[in-house]
There are 4 protein chains.
Amino acid sequence: MSNDTTVRVPQQARSIEKRNRLVDAAMALFGEKGFQGTNAKEIAGKAGVSVGTFYAYFTDKKALLLEILSRHMADVDAAVFEELRAMVRDGATGREMMRLTIRLGHDSHHHAPELLRIMLAMRYTDEDFTRMVAVENRDMTAKIVGLLSAMGDNLRVTDLDAAARVVANAFEETMHSVAVFGPDIEQDRLYEALADMTAVYLFKDPDAPLK
Amino acid sequence: MSNDTTVRVPQQARSIEKRNRLVDAAMALFGEKGFQGTNAKEIAGKAGVSVGTFYAYFTDKKALLLEILSRHMADVDAAVFEELRAMVRDGATGREMMRLTIRLGHDSHHHAPELLRIMLAMRYTDEDFTRMVAVENRDMTAKIVGLLSAMGDNLRVTDLDAAARVVANAFEETMHSVAVFGPDIEQDRLYEALADMTAVYLFKDPDAPLK
Amino acid sequence: MSNDTTVRVPQQARSIEKRNRLVDAAMALFGEKGFQGTNAKEIAGKAGVSVGTFYAYFTDKKALLLEILSRHMADVDAAVFEELRAMVRDGATGREMMRLTIRLGHDSHHHAPELLRIMLAMRYTDEDFTRMVAVENRDMTAKIVGLLSAMGDNLRVTDLDAAARVVANAFEETMHSVAVFGPDIEQDRLYEALADMTAVYLFKDPDAPLK
Amino acid sequence: MSNDTTVRVPQQARSIEKRNRLVDAAMALFGEKGFQGTNAKEIAGKAGVSVGTFYAYFTDKKALLLEILSRHMADVDAAVFEELRAMVRDGATGREMMRLTIRLGHDSHHHAPELLRIMLAMRYTDEDFTRMVAVENRDMTAKIVGLLSAMGDNLRVTDLDAAARVVANAFEETMHSVAVFGPDIEQDRLYEALADMTAVYLFKDPDAPLK
DNA sequence: AATGAATGAGTATTCATTCAT
DNA sequence: TATGAATGAATACTCATTCAT
């Protein structure tokens, strides 16, 4: 049960605690001062361990960030799709689905906006992050396609893969810009427009109950 | 007539030429090796001037990048809206407009994808870039609103500001991800879906001639 | 019965085996990656014991090297003089003696040239090695003097101590440079010249049987 | 007029002075504390310049050492062979030549014994030094062969290349061990033995005037 | 006896920026 | 105007050694 970002695999309780303290310290410092602005010594210091210990648990500053972000993305992902699937089962309308997606996305992005900022920058800057985000995007598209497939008759679009991608793109850029830069105009108007655009595009009748 | 990025305002022809040589050298090097990966000495060397001269023309490495990117954005912007306005006058359909927008956006983004990459990263990393992009976004939204306003009857959306923003977001994220990461699925399918989504959303009849 | 290089003196068989495993692992790794390039953790790892155990048996990485090299030197020494004494008894000529010495020296140096390299460097770098080599040299000189003394009439030289030293020096530098750097010119010519120089110097008639 | 060890080629007097100060500081510190024991910051400090300046003039600590040692070797070399050639012209005996060689070698090695120590260690440790010494050895052998060739009739040896090598080896090891470790026995006896061995080997009549 | 987690001092090198010439 | 020599703070990572278990 080892992985890429871990050097020493902690077995004992005390070790696990140290590793967690390092992760927490790093999250706090990366959020405050950015990734480049934080160094291993500081992280170790804040976690109450030595630099050596830092390097015993993580090959790298980057390895630590990669772990933080991939965990974060996995958490968000799971939470969002769980709720969406429930809603499909409950017979919500297409527009309601889009609104829920927006609310969930909004919440998850506002959890740690500074980390989001870092991740968004890194994906343009570092190959490993580019790859990680690409994988995540593929997964997300596949899940959206899965959800859409279950909606049969009411679907307006036919090329589900392409539809999933453009809808995801519209969601993401809007969520990100709101979370990171703040909304240009009132959030509600923006989100309502986003729900409208995606619902009208995806569904024949956006206000009819799905399935 | 001084501005933020300039220290010395070149009056003589020889000065202007030096400044341009510095800008060209920087564009080439930033594209090749990234922003962090390029240093002032290299830029000066490639431009055939001394480091001292570099700092005579630009306060900073960042100032130079800021200038490069704002120029680039202004160029793209002008070109895109020029063509779009012409098309509105020529009585194209909504869908055709969206397709043209996509083609223009695609071309402009593929001109210097490495610089785009840098800009996209910097906007999440550096306050000055955040601001520059915010201003640009506001301008772009205003221009889109202007275009839409001219379409009167055929417009489906009512909150033009919000509509302009979400449509711009959908465009941008899609363009960027294609330009920087390459398309996940075939480009044509993706672009067609994007045109469909935005056209169906903005217009009552996406296939009727506007105006 | 303790000595400098040992912390714990192993009494049980299992302990002795561990100690030997550590020595073997170290010899292999020092040869491959040099002394500075090898660390205690690696040695312990290759020997299948923990770092703690390493430090239970050796005060130091250096202590281990010192032991390896002094063992090695002792082995070589014994083998060489054993054979030489046999030859004196068998009535060989002076030149034949020199040739045999060269062959024996050559073989012993080519056994572990990388360790030789390390030792040659350390003797100029580290006081303990300087001392160790000095002691070894004195021993060797004494033994050569012993051999020469037994040759009575045929000896050309009178200051046996000085003669032993310069002959040993000529042998050593030649052996070392061949073993470590490879011969500049053909080995046989070099070795024949060396045998000639030392035989002509030491003996009245280099080709008469000694004794 | 650039070379391997120099980054910035000093043209101005002040630059040249700085470079020299760095070389002097390094020689002093390497001698005192060894090569590994000295760092760039110290050298710069002792020379009264900044670390940055150090790296402007030398790519490396090693580059600096390489320069110091190759200069040193060139100086010694020139001085020794100059005098030897003069002596051949003056009709000295073979034995006198060997004695002079020893005196010259002794003096040059005692000039900076700590640097000698470092060089002797590095040649077993670092490829670049191995190479440098190999080149030097080839040169020296060639020069000795040149000298010997001029002695025609009185020469006892026929394979001049091999003879030059083994004689050089005997000289070197003896010089080095005296310079670095101090003589085991009285220096004069050792040197006399060395002169005797080499003279008797090289010449038919070691005490006849050459040429 | 044995383990291996933890320590933290130590070091080479870069580069944005300045300023004397 | 232009030069380029000089600065020195800043940073990631290693590894010999210890010691609680």
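Reminder, nothing fancy here: chain letters follow the sequence lines and each chain counts from 1. Atom set for the values below is all heavy atoms of this structure, side chains included, hydrogens, waters and symmetry mates excluded.
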Restricting to side-chain contact (heavy atoms from CB on, under 4.5 Å), what partner residues turn up for Thr38(D), sequence neighbours left out? Leu29(D), Phe30(D), Lys33(D), Glu42(D), Ile43(D)
Given side chains that start at C-beta, do those of Met132(D) and Met73(D) come closer than 4.5 Å, heavy atoms only? yes
Between dT11(F) atom C1' and Lys61(A) atom NZ, what is the distance in whole Å? 8 Å
Is the shortest heavy-atom distance from the side chain of Phe58(A) to the side chain of Glu67(A) under 4.5 Å? yes
Sequence-distant partners of Arg131(B), side-chain contact (heavy atoms from CB on, under 4.5 Å), two or more places apart: Glu127(B), Asp128(B)
His72(D) vs Met119(D) side-chain heavy atoms within contact, under 4.5 Å: no
Minimum-distance nucleotide to Tyr57(A) side chain [options: dA6(E), dT13(E), dT18(E)]: dA6(E)
Please report the distance, rounded to the nearest Å, between CG in Leu22(C) and C1' in dA1(E). 14 Å
Nearest-angstrom distance from the residue atom CZ of Phe58(C) to C1' of dT17(F): 16 Å
Roughly how many Å is it from CG in Leu64(D) to C1' in dT13(E), rounded to a whole number? 15 Å
Between Arg14(B) and Gly48(D), which is nearer to the 5' end of DNA chain F once each is assigned its nearest nucleotide? Arg14(B)
Which residue pairs satisfy the ring-ring contact (aromatic ring centres under 6.0 Å, His included) criterion with at least one member in residues 112-133 of chain C, sequence neighbours excluded? Tyr124(C)-Phe181(D)
Pull out every residue in residues 33-47 of chain B that has a heavy atom closer than 4.0 Å to any atom of DNA chain E, ordered by number, or say none. Thr38(B), Asn39(B), Ala40(B)
Just jot down the salt bridge (charged side-chain N to carboxylate O under 4.0 Å, His left out) partners of Glu17(B), sequence neighbours excluded, or say none. Arg21(B)
Length of the CZ-P vector between Arg19(D) and dA5(F), whole Å: 13 Å
Would you list the pairs meeting salt bridge (Lys or Arg N to Asp or Glu O under 4.0 Å) in which at least one residue belongs to residues 47-56 of chain D, sequence neighbours left out? none
Paired runs of 3 or more consecutive Watson-Crick or G-U pairs involving DNA chain F, with both pairing distances under 3.5 Å, are E:2-21 with F:2-21
Show each protein N/O and nucleotides 8-10 of chain E N/O combination with a separation under 3.5 Å, one pair to a line.
residue, atom, partner, partner atom, Å
dG8(E), N7, Gly52(A), N, 3.1

Whole Å only: how far is the OH atom of Tyr55(B) from the C1' atom of dT1(F)? 18 Å
Which listed nucleotide (dA2(E), dT18(E), dA12(F)) is nearest to the side chain of Lys18(C)? dA2(E)
Nearest-Å distance for atom pair CZ/P, residues Phe54(B) and dC15(E): 14 Å
Hey, does Leu22(C) have a side-chain heavy atom less than 4.5 Å from the side chain of Lys46(C)? no
Is there a side-chain contact between Glu114(B) and Ile118(B) in this structure, where contact means two heavy atoms from C-beta onward sitting under 4.5 Å apart? no
Only counting residues at least two apart or in another chain, list the ones meeting salt bridge (charged side-chain N to carboxylate O under 4.0 Å, His left out) with Arg117(D). none
